Amino acid sequence: MKDYYMDHAATTPLSKEALEAMMPYLTTEYGNASTVYTYGQRAKAAIERSRRTIATTIGAKPSEIYFTSGGTESDNWALISTCEAGREQLSKTLQPQATAAAVDQKYRCSSKALMKCGHIITDQIEHHAILHTCAYLEKRGFDVTYLPVDHEGHVDPDAVMAAIRPDTLLVSIMVANNEIGTLEPIAEIGARLQKHAAETGQRILFHTDAVQAYAHIPLDVDELKVDLMSASSHKLNGPKGVGFLYVRRGVKLPSFLHGGEQERGRRAGTENVAGIVGFARAAELACGVNTQESAVRDHLIKRLLVEIPYTSLNGDPTHRLPNNVNVCFKYIEGETLLLLLNEKHIYASAGSACASGSLEPSHVLTAIGIAHEDAYGSLRLTIGPETTLEDVDEVVDLMKPIIAHLRETSPQYRNRFITS
Ligand code: PLP
């Protein structure tokens, strides 16, 4: 039976080209890049070539790219180190009394707790790599504003600007949401923050989580006016366990992992040479091709909405990731649907997760105002460059009888539509 892998937002298969590029560094070229002899210098050269390749894909300088273990580490590093360094700077550069008074007056933050100030602006639909890091920072005394989003998942740039306080250190808004695919107005927020800095002298760092967007849509750090950007290799047919953090030149970002002098002293730990080389090869390929993904996505959306009753699309209908489809099927339960799809070799993801025995709807669907009972019936299908129109046609054909069957056995559906 044919496999239909429709969960590319979770991870992607390693491409043949990336594997080929990695093979020497998994076998004969095993040198530690920190050593001075030839083996080490060849590994170091491979890392630097990869850094140049990656930098080109986002309009950055190679010296602004730091390799990490993936999106989670990049997000943690960007948020935690910015906030810790920023708070130290706040306490040095602003008059403690004046800062305390200003923050006190406007935000009722206790004067005694000046060292507890330091503010981050993010939004309610970020990935947990951001949200849980923010929760950790809250425990360390930082304040976090979680902006709401509209019913398609957009963050409002006006709301970002309105949330700024004298002690705001960082704004972190994702390029594209991992569940519903909606693209956020990053360039507009970046431009507004830059204007704010020019007018007031308050320089707020701007981080974006581009894990789902990188190599799927064009990204240029200067056009977006971001200071920090996270990306991960396994979302673009590269290996798992490797990513990067872009850090704009001049941004003070203390190290997050302490140890050796790797990554110019900013990210300790022996480099994952094979992973970095595979990531760069995958990025080079993914950024260089114009895939048919958005046409396949639109065909899939159309068929689902037209042919399956009581189905609605989540997220922005057009301004969304080219590979993302997220729908709610009313009167069914997504987790059961996933299991039945699995039997047909269709691999996808639901918008609710079984946590401690009860189904918890996703924070993203809740934030865009989807009713809990509808969120339970949501399904995310994320395609890849190899997914064809024929594949999605077969998926819809296999899915239709499953959904019809689930509805027939659903008490809510029966009560509503089957009277006898
Ligand atoms: N941020 C977003 C938007 C993601 O979708 C993911 C993973 O799904 C991550 C961060 C975490 O990335 P990684 O799996 O590389 O740690």
Side-chain angles (χ1 to χ4, degrees), residues 11-78 80-82 84-85 129 210-211 214-215 221 228-288:
T11 197
T12 56
L14 181 67
S15 74
K16 187 167 70 54
E17 293 86 347
L19 178 64
E20 268 167 19
M22 292 167 76
M23 277 316 275
Y25 301 95
L26 291 168
T27 52
T28 50
E29 294 291 334
Y30 50 78
N32 181 324
S34 299
T35 56
V36 294
Y37 45 78
T38 319
Y39 270 103
Q41 290 310 300
R42 281 204 298 260
K44 190 170 164 55
I47 294 174
E48 295 317 316
R49 269 197 308 278
S50 304
R51 201 185 308 281
R52 286 195 292 277
T53 303
I54 295 274
T56 312
T57 62
I58 55 166
K61 298 175 192 66
S63 59
E64 296 172 317
I65 302 295
Y66 293 86
F67 289 113
T68 65
S69 65
T72 301
E73 183 190 323
S74 298
D75 285 348
N76 272 260
W77 183 13
I80 295 172
S81 293
T82 303
E84 285 177 351
V211 168
Y214 174 62
V221 287
L228 301 149
M229 179 191 278
S230 306
S232 179
S233 155
H234 74 105
K235 308 293 185 183
L236 45 121
N237 303 100
K240 293 173 181 56
V242 57
F244 72 76
L245 181 65
Y246 157 78
V247 184
R248 185 174 288 282
R249 194 166 165 213
V251 168
K252 285 200 171 56
L253 193 75
S255 350
F256 181 58
L257 295 183
H258 306 283
E261 288 302 308
Q262 290 89 354
E263 297 294 278
R264 287 146 289 145
R266 269 176 141 177
R267 197 276 183 184
T270 301
E271 298 89 340
N272 172 4
V273 185
I276 290 169
V277 169
F279 180 19
R281 183 74 185 116
E284 194 175 27
L285 289 170
C287 292

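Since the model is a prediction, treat every value here as computed from it, not as a measurement.
Using modelled atom types, one side-chain atom of Gln41 and one backbone atom of Thr35 make a donor-acceptor pair closer than 3.5 Å. Here the side chain of Ser69 pairs no donor or acceptor atom with the backbone of Val242 at under 3.5 angstrom. Side-chain N or O atoms of Arg248 include one that pairs as donor or acceptor with a backbone N or O of Val221 at under 3.5 Å.
Under the rule for a side-chain hydrogen bond (donor to acceptor under 3.5 Å, both in side chains), Glu64 has no partner lying at least two apart in sequence or in another chain. Applying the salt bridge (Lys or Arg N to Asp or Glu O under 4.0 Å) rule to Arg266 yields no partners; only residues at least two apart in sequence or on another chain are considered. Partners of Asn76 according to the side-chain hydrogen bond (donor to acceptor under 3.5 Å, both in side chains) rule, which considers only residues two or more places apart in sequence or in another chain, are Thr133. With sequence neighbours excluded, no residue satisfies side-chain hydrogen bond (donor to acceptor under 3.5 Å, both in side chains) with Ser233. For the salt bridge (Lys or Arg N to Asp or Glu O under 4.0 Å) test, no residue two or more places apart in sequence or in another chain qualifies with Lys252. Thr68 pairs by the side-chain hydrogen bond (donor to acceptor under 3.5 Å, both in side chains) definition with Ser74, not counting sequence neighbours.
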Leu253 and Thr82: side-chain contact (heavy atoms from CB on, under 4.5 Å), yes or no, with the steps?
CA-CA 6 Å; Leu253 193 75; Thr82 303; 3.4 Å; yes

Could you walk me through whether Phe244 and Ile58 pass the side-chain contact (heavy atoms from CB on, under 4.5 Å) test, one step at a time?
CA-CA 12 Å; Phe244 72 76; Ile58 55 166; 3.9 Å; yes

Tyr25 vs Ile47, test: side-chain contact (heavy atoms from CB on, under 4.5 Å). Steps then yes/no.
CA-CA 11 Å; Tyr25 301 95; Ile47 294 174; over 6 Å; no

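Among residue pairs with one or both ends in residues 232-245, none qualify as salt bridge (charged side-chain N to carboxylate O under 4.0 Å, His left out); sequence neighbours excluded. Counting only residues at least two apart or on different chains, the salt bridge (charged side-chain N to carboxylate O under 4.0 Å, His left out) pairs with a member in residues 255-265 are Arg51-Glu263. Sequence neighbours left out, the pairs with a member in residues 28-60 that pass ring pair (Phe, Tyr, Trp, His ring centres under 6.0 Å) are Tyr30-Tyr39. Residues in residues 17-33 take part in these salt bridge (charged side-chain N to carboxylate O under 4.0 Å, His left out) pairs, two or more places apart or across chains: Glu29-Arg42. Sequence neighbours left out, the pairs with a member in residues 49-70 that pass ring pair (Phe, Tyr, Trp, His ring centres under 6.0 Å) are Tyr66-Trp77.
Rounding to the nearest 0.5 angstrom, the gap separating the CD atom in Glu73 from the CD1 atom in Ile80 is 10.5 Å. Once rounded to the nearest 0.5 Å, the distance linking CE of Met23 with OG1 of Thr28 reads 9.0 Å. To the nearest 0.5 Å, atoms CG (Asn32) and NZ (Lys44) are separated by 11.0 Å.
Nearest heavy atoms, Ser34 versus Gln262: OG-NE2, 3.7 Å. Listed here is the closest heavy atom pair of Ser232 and Gly70: OG-CA, 4.3 Å. Of all non-hydrogen atoms in Leu285 and Ser15, the two that sit nearest each other are CD1-OG, 4.4 Å. Shown here for Ser81 and Pro254, the closest heavy-atom pair between the two residues is OG-O, 3.2 Å. Nearest heavy-atom pair, Thr57 versus Ala283, reported as atom, atom and distance to 0.1 Å: CG2-O, 4.4 Å. For the residue pair Leu14 and Pro239, the shortest heavy atom distance occurs at CD1-N, 3.4 Å.
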Under 3.5 Å donor-acceptor pairs involving side-chain atoms of residues 270-281, not counting sequence neighbours:
unit_1, atom_1, unit_2, atom_2, d
Asn272, OD1, Gly275, N, 2.9
Arg281, NH1, Glu284, OE1, 2.9

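Between Arg267 and Leu245, the closest side-chain pair of non-hydrogen atoms is not below 4.5 Å.
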